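To start, the structure itself, in structure tokens.
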There are 2 protein chains.
Amino acid sequence: MKDLTKLTYEDHTAENSHPGFSVDCVIIAFHKGKIKVLLRDFGINNYKALLGGFVFNDESADQAAHRILELYTGLSNIFLKQFALFSDPNRTIMKQNLDYVAQYSSVRNDGKWLLRRFITMGYFALVRYDEVNDFVSEKKQLHWYDINKLPAMYSDHELIIKKAQESIKLLMPIIPIGYELLPEKFMMTELRKIHEIFLNKKLDRRNFQRKILQEGFVIQLDERKEGKEYNAPILYSFISPDIKDTM
Amino acid sequence: MKDLTKLTYEDHTAENSHPGFSVDCVIIAFHKGKIKVLLRDFGINNYKALLGGFVFNDESADQAAHRILELYTGLSNIFLKQFALFSDPNRTIMKQNLDYVAQYSSVRNDGKWLLRRFITMGYFALVRYDEVNDFVSEKKQLHWYDINKLPAMYSDHELIIKKAQESIKLLMPIIPIGYELLPEKFMMTELRKIHEIFLNKKLDRRNFQRKILQEGFVIQLDERKEGKEYNAPILYSFISPDIKDTM
DNA sequence: GCAAAAGTGTTTTAGTTACACCCATGT
DNA sequence: ACATGGGTGTAACTAAAACACTTTTGC
């Protein structure tokens with residue numbers, strides 16, 4: 001594996017990257033009751049874009065996605081999952097793309113390569129807001145957006161996010177969602193909120209709690225959230241850091 | 001859409017296809033109590049290969065997969081699903097591939113293009129054996145293999161099949177498997193057998209039947225399988241041809 | 001003869017759903 | 001004053017799992 005700290009978007013050229021192919025990461029976090037997506041300024045028309053990049057000749061798409069994630073969040077070993085391939089022949093031949101390339105070509109000589117058709121693999125990553133936000137907030141072009149209130153987006157990136165959301169909803173009965181998004185100690189309400197947002201429906205407080213606890217992945221701590229005097233919320237933890245191994 | 005009947009493997013060139021990218025289809029059917037995969041002779045060392053191909057410049061990967069499926073099975077509108085991307089940088093740089101290209105280069109001049117790195121999207125298709133076998137059996141290079149007794153395979157195609165199997169197992173609680181694999185009228189035992197193979201465990205006959213029937217997608221017909229005198233198996237049918245729309 | 005497969009119901013256990021009250025905090 | 005959110009338990013219902021016998025056919 002390369003030294004990731006040395007890599008930036010500018011390191012990609014037509015020579016060292018797989019042609020016509022990219023990866024795009026839907027980086028998802030949970031903060032203040034909302035599911036957030038990390039996007040970057042695209043630079044044209046105030047469009048926002050997913051965090052993506054190209055696949056070097058000596059790495060797999062999964063490795064490229066991990067590299068890109070580390071580049072933008074500082075985290076390695078992040079939970080990351082392929083969810084769909086986007087390959088419409090016209091997906092990158094859009095006005096905003098042409099504008100971008102026109103501008104981009106002035107600083108590098110392979111701008112035309114970017115005008116070629118690209119097929120992109122969509123990945124979603126689940127990260128802990130608190131663990132990445134210091135790193136992220138240093139980069140002025142990166143911002144979090146509520147997944148249900150997306151800004152105008154470059155190319156088909158809004159579609160990619162919607163598909164990621166659908167995939168997560170579909171996977172929820174199968175994989176224990178929440179572990180990757182929450183800090184070590186969390187309130188049951190937060191975990192329930194995450195489920196509610198992806199399932200897009202209200203869940204009964206007590207039934208949810210009973211179900212989660214009897215699944216056995218979450219335990220109640222002998223500790224309550226500070227700052228409240230009356231009925232301070234009890235804190236919970238996931239028992240195992242190896243849940244991702246069941247995927 | 002092009003005239004599919006005119007297309008063969010030979011129609012692909014470096015000029016008309018997306019570079020370094022392919023699709024591979026794991027075509028799955030059910031016959032005589034076994035899950036079968038359709039493979040072609042690869043021509044070198046008796047290796048077998050998945051049915052795959054390249055993506056033309058004016059089609060999406062999904063369209064390419066459908067085109068390839070129609071080419072090899074005669075069926076359009078087949079149930080088809082992306083399940084994983086295979087992008088190990090070394091996946092196609094294998095001895096059997098070099099041998100193949102050496103042989104292949106003698107008949108077409110872009111053999112070296114085939115030696116480049118390829119990223120492939122894995123699709124699985126579920127088809128009805130009876131509907132495709134007449135078409136398939138005309139092509140001498142195509143054969144069905146028990147998914148649990150695979151022959152020696154080209155490149156990473158065995159891995160691709162294993163991953164397809166895992167994906168189906170994972171999706172089984174979510175999507176009603178079986179509809180795409182069985183003829184209009186079928187025995188409950190056949191449906192159960194399909195579930196048993198993918199889940200890799202025995203299921204209780206009566207509990208399975210009750211569960212399936214109360215899900216509501218399958219109804220009992222007033223008809224029994226012919227050819228048996230005593231306790232001829234009752235036939236069943238799926239009620240709706242639109243189950244795939246729920247995907 | 002024996003294994004295999006098909007018909008057929010009941011009981012038990014586990015899981016899911018529905019539902020109400022109390023009290024402090026913040027607006 | 002009111003809405004919000006947090007603590008707490010039970011009863012009804014639905015779903016899943018375990019389980020046996022009989023008969024014919026095919027080997």
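Residue numbering restarts at 1 for every chain, and letters A, B, ... go by the order of the sequence lines. Bear in mind the structure is a predicted one, so any value in this text is a computation, not a measurement.
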request  = Mind calculating the distance between NZ (A/K225) and P (D/dG7) to the nearest angstrom?
outcome  = 12 Å
request  = Take A/F217 and A/F238, measure what ring-ring contact (aromatic ring centres under 6.0 Å, His included) needs, and give me the verdict at the end.
outcome  = CA-CA 6 Å; A/F217 296 114; A/F238 282 90; 7.7 Å; no
Atom-to-atom span, OH of A/Y230 to P of C/dT25 - whole angstrom = 9 Å
query = CZ of B/R224 versus P of D/dT24: gap in Å, rounded?
reply = 14 Å
inquiry  = It should be established whether B/Q214 places a side-chain nitrogen or oxygen under 4.0 Å from OP1 or OP2 of nucleotide D/dA16.
reply    = yes
key: Contacting residues from residues 188-213 of chain B, given that a heavy atom lies under 4.0 angstrom of DNA chain D   = B/D204, B/R205, B/R206, B/N207, B/R210, B/K211
key: Rounded distance [0.5 Å steps], CD1 in B/I35 versus CD1 in B/I168   = 8.0 Å
request  = Quickly work out the A/M187 CE to D/dG5 P distance and round it to whole Å.
outcome  = 11 Å
inquiry  = I need the CD1-C1' distance between B/I234 and C/dG7, as an integer number of Å.
reply    = 7 Å
task = Taking the six-membered ring of B/Y179 (Phe, Tyr or Trp), confirm whether the NZ or CZ of B/R128 is under 6.0 Å from its centre and within 45° of its axis.
result = yes
key: Euclidean distance, B/F86 CZ relative to B/S155 OG, rounded to 0.5 Å   = 10.5 Å
inquiry  = Side chains of B/D62 and B/Y123: any donor to acceptor distance under 3.5 Å?
reply    = yes
ask   = With a 4.0 Å cut-off, would you call A/K48 and A/D41 a salt bridge?
value = yes
